Amino acid sequence: MTKIKLYNTKTRTKEDFVPIDAANVRMYVCGPTVYDRAHIGNARPVVVFDTLFRLLRHTYGHYAVRYVRNFTDVDDKINARAAEMKVKGDDRDLKAIIRELTDQTIAWYHEDMEALGTLRPTDEPRATEYIAQMVSMIERLIERGNAYVSEGHVLFDVNSYDAYGALSGRKLEDMRAGKRVEIADYKRDPMDFVLWKPSTDDLPGWDSPWGRGRPGWHIECSAMSLDLLGATFDIHGGGLDLQFPHHENEIAQSCCANPDGGFANVWMHNEMIQVEGKKMSKSLGNFFTVKDLLDKGIPGEVIRFVILSTHYRSPMDWTAKRVAEAQKTLTKWYRLVGLALDNGTPHPEVISGLSDDLNTARAIAECHQLGHAGDVPTLRASMSLLGLMENGIPEWAKVEGFTDAETGYVRFLLQKRDNARKVRNFQKADGIRDGLANAGVVVRDTSDEPEFNKGDNFDVAKLEGLL
RNA sequence: GGCGAGUUGGCGGAGCGGUUACGCAGCGGAUUGCAAAUUCGUCUAGACCAGUUCGACUCUGGUACUCGCCUCCA
């Protein structure tokens with residue numbers, strides 16, 4: 001079994017990954033707040049951790065990995081968006097609007113992420129279904145002296161937890177010295193954060209020991225991971241921007257509520273995405289959703305390929321040029337691979353690349369080598385491990401008139417012909433050429449890509465005989 | 001102001017204390033009736049300044065610059 005190494009933000013080093021229980025590897029990844037369609041930046045962690053999920057399954061077994069990714073469906077941004085919709089003429093009850101908004105956004109999310117070739121996590125809990133668990137965790141934090149009630153709010157007392165700031169390498173004094181902390185008079189310390197806050201009647205709210213209210217943002221992940229994965233689990237992932245304060249606060253809550261549990265052993269953070277060299281922002285006009293890209297005709301798989309071609313811990317620049325290159329490469333491989341030869345296993349170098357802190361760029365480089373070598377089954381299986389080329393040849397890469405299987409055969413034969421020419425084995429090359437002609441395949445090379453068409457006498461049986 | 005990451009060839013993007021990354025583009029061959037496809041070879045690197053070392057792109061220190069986070073954010 002290939003040893004997996006992962007960079008752990010907690011220790012700032014690349015470490016050997018040793019699961020707590022190899023028969024039950026557990027990973028939690030922070031999911032989206034569901035108020036709008038997922039943008040390209042949201043897609044990166046989804047693709048990155050999907051790839052890790054696949055690697056873990058490959059390594060530990062299909063049913064040995066539990067992957068939880070939540071939906072945050074209670075949040076101020078959601079409330080704000082719903083209020084906006086109401087102002088624009090939606091005359092329904094705000095709560096009804098919110099319910100539909102979150103349901104709709106979740107459906108969109110599934111649709112868009114599926115287009116990127118990502119698997120559904122094993123669990124996708126919604127925050128609103130875990131309110132009871134959150135309330136009970138908050139009660140425990142109050143009992144243990146880590147939280148206090150103030151003006152209808154429940155706040156986490158950051159001074160009660162010595163290790164606060166350890167993940168992100170911050171000190172409380174330094175952060176207080178910054179100008180950007182929210183000062184509120186109900187807080188003992190400006191850095192204290194909300195566990196529970198009051199809710200108005202028109203907004204979603206739940207009864208609690210502290211009155212009708214709603215949870216703060218961070219507590220849901222602590223409550224859901226505890227419920228689904230236990231007090232100690234293997235991997236916790238998310239975007240780098242979540243490192244502070246979200247993850248720091250999760251750690252504080254979970255470790256204080258469950259002092260015997262270690263919470264997540266390995267913390268992983270993906271870097272951010274930029275667009276054409278600039279920070280993605282609505283004002284610059286370079287802000288777009290996954291759906292926008294799909295609607296423009298960019299295949300989801302191409303998006304996935306672009307994301308995987310950069311290591312997840314490096315900032316990634318989204319450019320039209322890279323999209324074009326990715327599509328070109330994928331098309332080339334599709335036409336080489338076809339469908340019929342799906343019986344290989346991933347190349348060891350591809351696995352070891354992925355196992356080296358998810359070095360997807362290295363894995364792709366290896367796939368290029370497999371393409372050159374004409375090792376179709378291995379290429380196909382390797383791509384599959386990367387979540388690519390899993391469902392046959394898509395329309396955009398297809399050769400008209402042939403089935404996927406036939407395309408695969410022909411491409412494979414053309415590869416053989418070229419290999420024969422390379423070693424000046426013209427007898428063999430000519431044999432393949434004549435064989436193709438005999439089977440009714442008309443080969444016509446063009447300036448773009450080698451094309452082939454069915455002749456009148458096309459006979460797939462003769463084609464298979466050539467293999 | 002605090003914390004962190006990074007700076008590789010025309011572009012993208014990896015590994016590595018001494019040996020080709022890889023892809024795209026370029027150039028030159030091979031192949032070809034001519035092309036194309038294919039294939040082989042090949043030029044452009046390691047921000048800057050020091051240090052460690054027999055030897056550094058790779059380690060250490062410093063300088064410059066870039067980026068991210070510190071506020072909702074993946």
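The sequence lines fix the lettering, A, B, ..., with proteins before strands; numbering per chain opens at 1. The structure presented is a predicted model; accordingly, all values stated were derived computationally and were not measured.
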Across the strands shown, which category fits [X] at heavy-atom distances under 4.0 angstrom: base, sugar-phosphate, nothing?
{"X": "Gln369(A)", "answer": "sugar-phosphate"}
{"X": "Gly41(A)", "answer": "base"}
{"X": "Ser309(A)", "answer": "sugar-phosphate"}
{"X": "Gln274(A)", "answer": "sugar-phosphate"}
{"X": "Ile273(A)", "answer": "base"}
{"X": "Asn359(A)", "answer": "sugar-phosphate"}

Interatomic distance at [atom1], [N] relative to [M], whole Å:
{"N": "G18(B)", "M": "A74(B)", "atom1": "P", "answer": "42 Å"}
{"N": "A47(B)", "M": "C57(B)", "atom1": "P", "answer": "10 Å"}
{"N": "G62(B)", "M": "U7(B)", "atom1": "C1'", "answer": "16 Å"}
{"N": "G12(B)", "M": "A25(B)", "atom1": "P", "answer": "16 Å"}
{"N": "C65(B)", "M": "G46(B)", "atom1": "C1'", "answer": "16 Å"}
{"N": "U42(B)", "M": "G9(B)", "atom1": "C1'", "answer": "14 Å"}
{"N": "C54(B)", "M": "G15(B)", "atom1": "P", "answer": "28 Å"}
{"N": "C43(B)", "M": "A50(B)", "atom1": "P", "answer": "28 Å"}

Has [X] got a side-chain N or O lying under 4.0 Å from the OP1 or OP2 atom of [N]?
{"X": "Arg322(A)", "N": "G23(B)", "result": "no"}
{"X": "His372(A)", "N": "U39(B)", "result": "yes"}
{"X": "Thr310(A)", "N": "G13(B)", "result": "yes"}

Can you tell me the distance, in whole Å, between the [atom1] atom of [X] and the [atom2] atom of [N]?
{"X": "Phe288(A)", "N": "A74(B)", "atom1": "CZ", "atom2": "P", "answer": "16 Å"}
{"X": "Leu242(A)", "N": "C69(B)", "atom1": "CG", "atom2": "C1'", "answer": "11 Å"}
{"X": "Asn270(A)", "N": "G68(B)", "atom1": "CG", "atom2": "C1'", "answer": "12 Å"}
{"X": "His218(A)", "N": "C73(B)", "atom1": "NE2", "atom2": "C1'", "answer": "12 Å"}
{"X": "Leu167(A)", "N": "G4(B)", "atom1": "CG", "atom2": "P", "answer": "13 Å"}
{"X": "Arg37(A)", "N": "A74(B)", "atom1": "CZ", "atom2": "P", "answer": "16 Å"}
{"X": "Arg170(A)", "N": "A5(B)", "atom1": "CZ", "atom2": "P", "answer": "12 Å"}
{"X": "Ile307(A)", "N": "G12(B)", "atom1": "CD1", "atom2": "P", "answer": "18 Å"}

Query raised in the report: For Met272(A) and Leu240(A), which heavy atoms make the closest approach, and how far apart are they?
Result: CE-N, 3.4 Å
Report task. With Arg313(A) as the cation and Tyr7(A) as the aromatic partner, state whether NZ or CZ is under 6.0 Å from the six-membered ring centre and within 45° of the axis. Result -> yes
Report task. Validate the cation-pi geometry between Arg44(A) and Tyr312(A): distance from NZ or CZ to the six-membered ring centre under 6.0 Å, angle to the ring axis within 45°. Result -> no
Requested in this report: Identify whether the distance between the nearest side-chain nitrogen and carboxylate oxygen of Asp50(A) and Arg54(A) falls below 4.0 Å.
Outcome: yes
Query raised in the report: Can we say Asp356(A) and Lys14(A) salt-bridge, meaning some charged N sits less than 4.0 Å from an Asp/Glu carboxylate O?
Result: yes
If you check the [X] side chain, which of [options] turns out closest?
{"X": "Lys328(A)", "options": "A14(B), C24(B), C69(B)", "answer": "C24(B)"}
{"X": "Leu240(A)", "options": "C72(B), C22(B), G68(B)", "answer": "G68(B)"}
{"X": "Phe244(A)", "options": "G23(B), A14(B), C70(B)", "answer": "C70(B)"}
{"X": "Arg12(A)", "options": "G68(B), G4(B), C22(B)", "answer": "G4(B)"}
{"X": "Lys332(A)", "options": "C24(B), A74(B), A21(B)", "answer": "C24(B)"}
{"X": "His368(A)", "options": "A14(B), G23(B), C24(B)", "answer": "G23(B)"}
{"X": "Thr329(A)", "options": "A74(B), G23(B), A14(B)", "answer": "G23(B)"}
{"X": "Lys77(A)", "options": "G68(B), G4(B), C73(B)", "answer": "C73(B)"}

Is it true that [Y] and [X] share a donor-acceptor pair across their side chains at a distance under 3.5 Å?
{"X": "Thr319(A)", "Y": "Asp317(A)", "value": "no"}
{"X": "Thr122(A)", "Y": "Arg66(A)", "value": "no"}
{"X": "Asp292(A)", "Y": "Thr289(A)", "value": "yes"}
{"X": "His347(A)", "Y": "Thr378(A)", "value": "no"}

Query - Intra- and interstrand pairs of RNA chain B - dot-bracket, Watson-Crick/G-U under 3.5 Å, | marks other strand - result: (((((((..(((.....[...))).(((((.......)))))....(((((..]....))))))))))))....
Query raised in the report: Mind checking whether Phe71(A) and His110(A) have ring centres under 6.0 Å apart?
Result: yes
**Report entry** Sole residue of Glu220(A), Arg69(A), Met224(A) in side chain to side chain contact (heavy atoms under 4.5 Å, CB included) with Pro125(A)
**Finding:** Met224(A)
Query raised in the report: Near RNA chain B, which residues from residues 152-164 of chain A have a heavy atom under 4.0 Å away?
Result: none
Query raised in the report: What do you reckon, is CD of Glu114(A) surrounded by more than 12 foreign heavy atoms closer than 6.0 Å?
Result: no
Query raised in the report: Around atom NZ of Lys95(A), are there more than 12 heavy atoms of other residues, nucleotides or ligands at under 6.0 Å?
Result: yes
Requested in this report: Would you kindly compare Ala43(A) and Met316(A) by the position of their nearest RNA chain B nucleotide and give the one closer to the 5′ end?
Outcome: Met316(A)
Report summary line: Ranking Lys321(A) and His246(A) by the position along RNA chain B of their nearest nucleotide, the one closer to 5' is Lys321(A)
